[in-house]
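Please read the structure below before turning to the comments.
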Amino acid sequence: MSLLPLPYPAAARDLALEYQGPRWTAPHEVQALCHWARHTTGSLMEIGCNEGRTLRELALACPGRSCFGVDYSGDDGGMCPEQRHERPPPGRLGHYARSLTTVTILDVRSQDLGAALAAAPCLSSAALGFIFIDGNHTLAGVRSDSEMAFRYFAERGTPGLIAWHDCYDAGPAWVGVRAYLESRPEAIFRIEGTCLAYLRVG
């Protein structure tokens, strides 16, 4: 199904961001993510948190809510060659967010996240309401991460919001985010002026 264009949420422009330096996700996109997160309940998760800049902003925008950052520091994570330069330096995984008391950093391959969700006490008792997918951008990678998110909400019967980054109008051929989302039967929104897409589930 074609993605549905949706104007950028004007109210998001009013959200102040703490970090003003360079980041992987553009500031206005981070503002939109924080805006959507505020309109959900439950815990928040970012898959592909890198050094934790966006995760920190989400945590600060949603005080008191548990936030989970997922990324993998090992060399056996199946990262595609085009994204290997994005791997955070040793010891920097979740660096900007891990000092916040509401934040938990999970050093785990995203393909193993389903097992972690079931096994980790801090996760099994936390009802996620917001999942931001910004990890492996290949078609296989985004499919794996997305279908885990869809299963999570379907198995629990709880509402939530799934957001995706790197949904380009015309991006590198190896990035499969848009192709995956257009293969879904749901009406997924593509936010104008950004590389973001989102869907409310449940």
Open item on the list: Please evaluate residues Glu182 and Arg178 with respect to the criterion salt bridge (Lys or Arg N to Asp or Glu O under 4.0 Å), reporting the C-alpha separation (whole Å), side-chain torsions for both, the decisive distance (0.1 Å), and the verdict.
Closed with: CA-CA 6 Å; Glu182 289 182 336; Arg178 189 179 189 112; 3.1 Å; yes
Task: Verdict with reasoning, Leu17 to Arg23, per side chain to side chain contact (heavy atoms under 4.5 Å, CB included) - done: CA-CA 12 Å; Leu17 299 181; Arg23 58 168 81 235; 4.2 Å; yes
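Of the inter-residue distances, the one linking Leu33 atom CG with Ile191 atom CD1 reads 10.0 Å to the nearest 0.5 angstrom. Taking CD of Glu29 as the reference point, atom CG of Asp166 lies at 8.0 Å (rounded to 0.5 Å). The CG atom of Asp107 sits 3.5 Å away from the OG atom of Ser73 when rounded to the nearest 0.5 Å. If you take NE2 on His39 and SG on Cys62, they are separated by 10.5 Å, rounding to the nearest 0.5 Å. Atom-to-atom distance recorded for Asn136:CG and Arg109:CZ is 12.5 Å, nearest 0.5 angstrom. Here Phe153 contributes atom CZ and Arg200 contributes atom CZ; the two are 10.5 Å apart, rounded to the nearest 0.5 Å.
Residues Phe132 and Thr54 meet the side-chain proximity criterion, which asks for heavy atoms closer than 4.5 Å. Between Cys67 and Thr104, every side-chain heavy-atom pair lies at or beyond the 4.5 Å cut-off. For the pair Glu46/Phe68, no side-chain contact is recorded, criterion being any heavy-atom separation below 4.5 Å from C-beta on. A 4.5 Å side-chain heavy-atom check between His137 and Val142 finds every atom pair outside the cut-off. Contact annotation: the side chain of Trp36 approaches that of Pro9 to within less than 4.5 Å [non-hydrogen atoms, C-beta and beyond]. The side-chain heavy atoms of Glu186 and Phe150, taken from C-beta on, include a pair separated by under 4.5 Å. Using a 4.5 Å heavy-atom cutoff, the side chains of Ser110 and Tyr72 are not in contact. A heavy-atom distance below 4.5 Å is not found between the side chains of Leu4 and Ile188.
The two residues Ile131 and Ala149 have their closest heavy-atom pair at CD1-CB, 3.9 Å. The shortest heavy-atom contact between Gly202 and Pro159 is O-CB, 3.7 Å. Here the closest heavy-atom approach between residue Glu192 and residue Pro7 is recorded as OE1-CA, 3.7 Å.
At a threshold of 4.5 Å between side-chain heavy atoms, the hydrophobic network of Ile, Leu, Val, Met, Phe, Trp and Tyr places Leu6 and Leu161 in one connected group. Val175 and Trp24 fall into different hydrophobic clusters, where Ile, Leu, Val, Met, Phe, Trp and Tyr are joined by side-chain heavy atoms under 4.5 Å apart, directly or via other members. Both Ile47 and Leu199 are assigned to one and the same hydrophobic cluster, defined by single-linkage of ILVMFWY side chains at heavy-atom distances under 4.5 Å. Residues Leu106 and Val103 fall into different hydrophobic clusters, defined by Ile, Leu, Val, Met, Phe, Trp and Tyr side chains chained together at heavy-atom separations under 4.5 Å. Leu3 and Met1 fall into different hydrophobic clusters, where Ile, Leu, Val, Met, Phe, Trp and Tyr residues are linked whenever their side-chain heavy atoms come under 4.5 Å apart, directly or through other members.
Side-chain contact annotation: Arg56 with Tyr96, donor-acceptor N/O pair under 3.5 Å absent. A side-chain N or O of Tyr180 and one of Arg184 form a donor-acceptor pair less than 3.5 Å apart. Under 3.5 Å, the side chains of Arg65 and Thr40 contain a donor-acceptor pair of N or O atoms. When only modelled atom types and interatomic distance are considered, Ser146 and Trp164 share a side-chain donor-acceptor pair under 3.5 Å.
A donor-acceptor pair is defined here as one N or O able to donate and one able to accept, closer than 3.5 Å; no such pair exists between the side chain of Tyr8 and the backbone of Ala11. At least one donor-acceptor pair closer than 3.5 Å links the side chain of Gln31 to the backbone N or O of Leu15. Under a 3.5 Å cut-off, the side chain of Asn50 and the backbone N or O of Gly52 do not form any donor-acceptor pair.
Test Leu44, Asp134, Ile105 against Leu55 for side-chain contact (heavy atoms from CB on, under 4.5 Å) and you get one pass: Ile105. Of the listed residues (Asp169, Leu196, Leu181), just one forms a side-chain contact (heavy atoms from CB on, under 4.5 Å) with Arg190, and that residue is Asp169. When each of Glu57, Arg53, His35 is checked for a side-chain contact (heavy atoms from CB on, under 4.5 Å) with Val30, only Glu57 meets the rule.
Cation-pi check for Arg38 over Phe130 is not met; the charged atom does not lie both under 6.0 angstrom from the ring centroid and within 45 degrees of its normal.
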